[in-house]
Amino acid sequence: MSDLTTGLNPMQKKAVLKTEGPLLLLAGAGSGKTRVLTHRIAYLIEQGIRPYNIMAITFTNKAAKEMKERVEKITPFGKDVWVSTFHSSCVRILRRDIDRLGYTSQFTIYDSDDSERLIKDILKTFNINDKNFPAKMIMNEISGQKNELISAAAYSELAGDDFRMKTISRVYTEYQKRMKQNNSLDFDDLIFKTVQLFSQNPDILEKYRDRFLYIMVDEYQDTNSCQYNLIRQLSSKYQNLCVVGDDDQSIYGWRGANIRNILDFEKDFKNASVIKLEQNYRSTKTILDAANAVIKNNFSRKDKELWTDNEKGGLIKYKKAESDLEEAMFIASEIKKGKEKGREYKDFAILYRNNALSRTIEDRLVKDSIPYRLLGGVPFYSRKEIKDIMCYLKVLYNPSDDVALKRIINVPKRGIGDATVEKVSAFADSNEISVYDALRNVEEIPELKIRSKKLSDFRKLISDLSEDVLSLNIKDLLETVMLKTGYKEELEKEGTEEAQGRIDNLNELISKAAEFEEHSEKSDLSAFLEEVALVADIDNYSEEDDTVVLMTLHSSKGLEFPVVFIAGFEEGIFPSYRSILEPSPTAVEEERRLCYVGITRAKKQLYITCAKTRLQHGNYISNAPSRFIKELPDEFIENDIFSSKNSNKTVKSPATVSSKYNPRENKNYSSYSKMLSPKNVIIDFKVGDKVKQAKYGIGTVTSISPAGADYEVTVEFPSAGTKKFMAALSKFKKID
DNA sequence: TTACTATGGATTTTT
DNA sequence: TCCATAGTAA
């Protein structure tokens with residue numbers, strides 16, 4: 001019939017052609033599900049469905065972007081298909097109709113940092129001890145409740161006489177009250193409020209039901225109850241709902257994802273068809289069999305098993321290093337070897353359970369001059385300086401946003417301290433007005449007589465800037481804000497390397513804004529704020545640069561690499577300490593799924609590494625190898641390569657966890673790290689070059705002389721004069 | 001009000 | 001180790 005199904009396997013074909021009624025597509029890792037989804041959309045259009053009536057929902061912007069591009073490539077009119085994330089879909093819907101819930105369409109979006117500030121504020125006003133009730137804990141609790149579609153009122157009933165819950169309930173209620181006063185929504189609210197909007201306004205729901213005749217949801221295993229409800233509301237009339245997911249890749253349970261959504265799909269949607277995509281096109285047989293062997297140890301899962309026609313491939317290389325330093329050295333040297341054999345740097349990914357593990361590896365890569373990119377860490381838009389400037393924009397857009405206003409009222413320092421802010425804030429509270437509005441009336445607050453000049457100066461600054469909003473584009477507005485507030489000037493005065501880094505970031509923000517204005521059809525302040533609020537770091541990852549990539553196992557989902565290293569394969573790290581302590585096995589099962597995700601990222605070669613001792617929080621600890629290594633059949637593993645010692649895959653039985661290691665008991669520990677230090681330090685600069693040094697900033701190299709395995713480098717700094725360094729210990733970066 | 005020092009706590013984080 | 005926060009001095 002059409003060429004939309006050529007080249008697809010029978011199951012993929014079936015999935016493309018089955019357009020009517022509920023469909024559960026169980027798509028294993030690397031089974032070509034994006035291909036199926038895009039072809040399915042194209043097929044629908046070919047069948048005469050208007051693109052406008054098709055909705056595809058993803059979790060990440062990256063996935064949405066990719067799907068959009070692929071749909072547009074294979075079908076004309078692909079542009080009109082509604083492809084977007086849960087969150088941006090909801091923003092679009094809410095911007096239209098949120099007035100029905102008593103907000104205005106100018107609402108701003110809070111990230112978790114903003115939410116935490118607000119909760120801290122509330123704890124202060126309620127005099128709640130933040131030792132017993134840390135803001136983060138409460139935030140997670142509230143988020144969890146929203147994900148379960150439990151409102152503040154419902155939670156209050158649930159709490160009953162329970163002291164802990166009652167306290168949290170008070171905060172939750174106040175939090176929602178203030179969010180509304182601030183005309184702002186957090187990430188969870190975006191979905192929650194949309195569900196609420198639909199249930200309270202059948203006319204609006206009806207409108208969207210008749211618009212989205214065909215709905216597709218990607219990564220369905222990651223949906224929480226709230227998202228499930230949204231989907232259910234939208235699809236219940238026509239029932240043309242296709243969900244795609246893999247229960248074995250559900251790794252966001254701790255964020256509220258409800259694995260039952262996918263496990264119970266057939267119960268929830270009568271007449272649901274189920275199609276399994278079990279052929280993997282990504283990995284070698286060895287890698288896939290290993291992944292299957294591991295995931296088999298989980299109990300609650302849909303029955304399926306991935307297979308592949310790909311070659312057998314090399315064995316999994318398992319390295320049991322003596323220390324984290326040796327582990328890092330091993331990884332770096334394997335990358336160098338691979339590079340010599342013709343691989344590119346971008347073929348390699350290093351995955352780990354938590355961000356702290358990246359440090360040692362990074363240090364090693366720097367020393368070995370291996371270019372790398374770190375994903376995760378502090379995301380660009382969460383950096384202090386970026387958030388500060390963005391909060392100015394937020395205030396300009398939505399002056400009732402008290403959280404944003406309080407953040408910047410004394411940034412840069414302008415003599416408005418905590419005590420003053422408290423007074424204004426209290427005045428605002430008692431008059432039920434926003435802090436910004438309170439600033440109009442500072443003269444009426446008797447306690448503030450002395451400070452009122454500073455406050456009205458600040459208010460004047462903001463109202464000046466709001467005039468600039470009308471006349472300037474985003475890029476110029478950003479520059480004006482940085483200038484008129486004196487923010488940039490203050491950083492320049494500091495003159496440290498850190499301050500320079502911040503200035504660099506601000507400049508990058510300006511160019512991001514310029515780029516945004518060039519590429520988006522809508523480029524007003526509102527659109528820019530939304531972009532910034534909803535775009536994650538991983539979305540900006542592209543394969544263009546030839547660099548090794550480092551990231552957590554979580555962020556690696558959906559990506560693939562020829563060679564994958566999984567580092568820190570140890571009890572207490574992976575599976576994490578906390579998951580081991582959980583009485584129920586579900587936590588470790590989720591870790592196992594994470595392991596499955598990690599293994600299936602590899603196309604050609606998988607490395608697994610662990611270290612007998614590792615520096616953690618400043619102490620040496622020793623961990624047993626991960627229980628997951630025992631679950632990998634021996635026949636797939638090339639054991640402890642390049643180790644002279646035997647080291648069969650003997651694993652200390654049942655997982656002794658992180659026994660504290662006292663450095664004093666092992667006097668060798670300092671010489672031991674020396675022993676592991678590089679035999680040959682590689683430096684990529686010469687006399688006369690400009691280099692950047694961590695403490696003193698940029699200077700010129702005046703001499704280099706060999707000193708044992710290392711070099712002594714003399715550098716002349718404009719600010720600090722001449723300094724001498726050992727190359728291995730000082731982190732130099734060459735400046736071109 | 002701010003700038004310094006002591007202390008304690010420390011997964012994962014699509015939006 | 002690194003970070004945020006609390007407490008204190010100027």
Side-chain angles (χ1 to χ4, degrees), chain A residues 57-64 84-91 109-113 115-116 120 130-131 134-136 139-140 143 146-147 185-192 218-219 221-224 226-227 249-257 324 351-357 359-360 363 375-379 381-382 384 410 412-421 450-451 454 530-539 541 551-559 568 572-582 587 590-591 593-595 597-598 614-621:
Chain A
I57 301 186
T58 63
F59 272 83
T60 63
N61 295 294
K62 185 171 189 283
S84 75
T85 64
F86 269 105
H87 295 267
S88 16
S89 297
C90 289
V91 171
I109 301 166
Y110 277 19
D111 64 18
S112 45
D113 190 82
S115 298
E116 197 183 332
K120 279 185 181 155
D130 58 1
K131 284 277 179 315
K136 274 221 172 65
M139 188 171 73
N140 287 332
S143 168
K146 287 183 188 172
N147 290 160
L185 300 178
D186 64 27
F187 288 141
D188 304 313
D189 284 336
L190 292 176
I191 321 272
F192 191 103
D218 195 11
E219 306 282 13
Q221 75 281 351
D222 292 334
T223 49
N224 60 40
C226 198
Q227 289 156 338
Q249 293 188 67
S250 163
I251 55 174
Y252 286 102
W254 52 275
R255 280 280 278 104
D324 48 348
L351 312 180
Y352 35 78
R353 180 61 236 266
N354 62 43
N355 288 119
L357 292 179
R359 259 198 99 79
T360 321
D363 286 351
L375 271 130
V378 181
Y381 289 118
S382 310
K384 184 187 177 303
N410 198 30
K413 301 242 166 346
R414 44 174 81 91
I416 305 174
D418 292 348
T420 312
V421 175
I450 325 119
R451 297 275 150 208
K454 304 235 152 113
E530 201 168 299
E531 163 91 2
V532 171
L534 298 179
V535 165
D537 225 28
I538 189 97
D539 296 327
Y541 166 70
M551 68 182 102
T552 61
L553 286 149
H554 280 91
S555 355
S556 75
K557 193 166 66 126
L559 305 174
I573 291 182
F574 189 30
S576 75
Y577 192 58
R578 290 159 98 113
S579 70
I580 296 171
L581 292 180
E582 291 277 326
E590 182 152 313
E591 299 276 313
R593 291 194 290 270
L594 190 57
C595 183
V597 167
R614 123 177 4 258
L615 190 59
Q616 212 170 24
H617 313 319
N619 298 319
Y620 276 90
I621 55 158

Would you say [N] has OP1 or OP2 under 4.0 Å from some side-chain N or O of [X]?
X	N	answer
A/Thr552	B/dT13	yes
A/Asn355	C/dC2	no
A/Arg359	C/dC2	yes

From C-beta outward on [X], which listed nucleotide comes closest to its side chain: [options]?
X	options	result
A/Lys413	B/dT14, B/dT2, B/dT1	B/dT2
A/Ser555	B/dT1, B/dT2, B/dT13	B/dT13
A/His617	B/dA10, C/dA6, B/dT13	B/dA10
A/Thr420	B/dT13, B/dT1, B/dT14	B/dT1
A/Arg255	B/dT11, B/dT14, B/dA10	B/dT14
A/Asn354	B/dT11, B/dT2, C/dA6	B/dT11
A/Asp222	B/dT11, B/dT14, C/dA6	B/dT14

| request: Determine the interplanar angle of the A/Tyr252 and A/His554 rings, folded into 0 to 90°, and report it as parallel if under 30°, tilted if 30 to 60°, perpendicular if over 60°. | output: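 The arrangement is tilted - the two ring planes meet at 30° to 60°.
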I need the [atom1]-[atom2] distance between [X] and [N], as an integer number of Å.
X	N	atom1	atom2	result
A/Tyr352	B/dT12	OH	C1'	12 Å
A/Ile57	B/dT14	CD1	P	19 Å
A/Tyr252	B/dT14	OH	C1'	5 Å
A/Lys454	B/dT1	NZ	C1'	9 Å
A/Asp188	B/dT13	CG	P	17 Å
A/Met139	B/dT13	CE	C1'	10 Å
A/Lys384	C/dA4	NZ	C1'	14 Å
A/Lys62	B/dT14	NZ	P	13 Å

| query | If each of A/Asp418 and A/Glu582 is mapped to the nucleotide of DNA chain B with the nearest heavy atom, which maps nearer the 5' terminus, i.e. the 5' end? | reply |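 Its nearest nucleotide being more 5', the pick is A/Asp418.
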| Can you name the closest pair of heavy atoms from A/Ile580 and A/Pro575 and give their distance? | CD1-O, 3.7 Å
| Given the rule in the salt bridge (Lys or Arg N to Asp or Glu O under 4.0 Å) test, do A/Asp222 and A/Lys557 qualify, once you have shown the distances and angles that lead to the verdict? | CA-CA 12 Å; A/Asp222 292 334; A/Lys557 193 166 66 126; 2.5 Å; yes
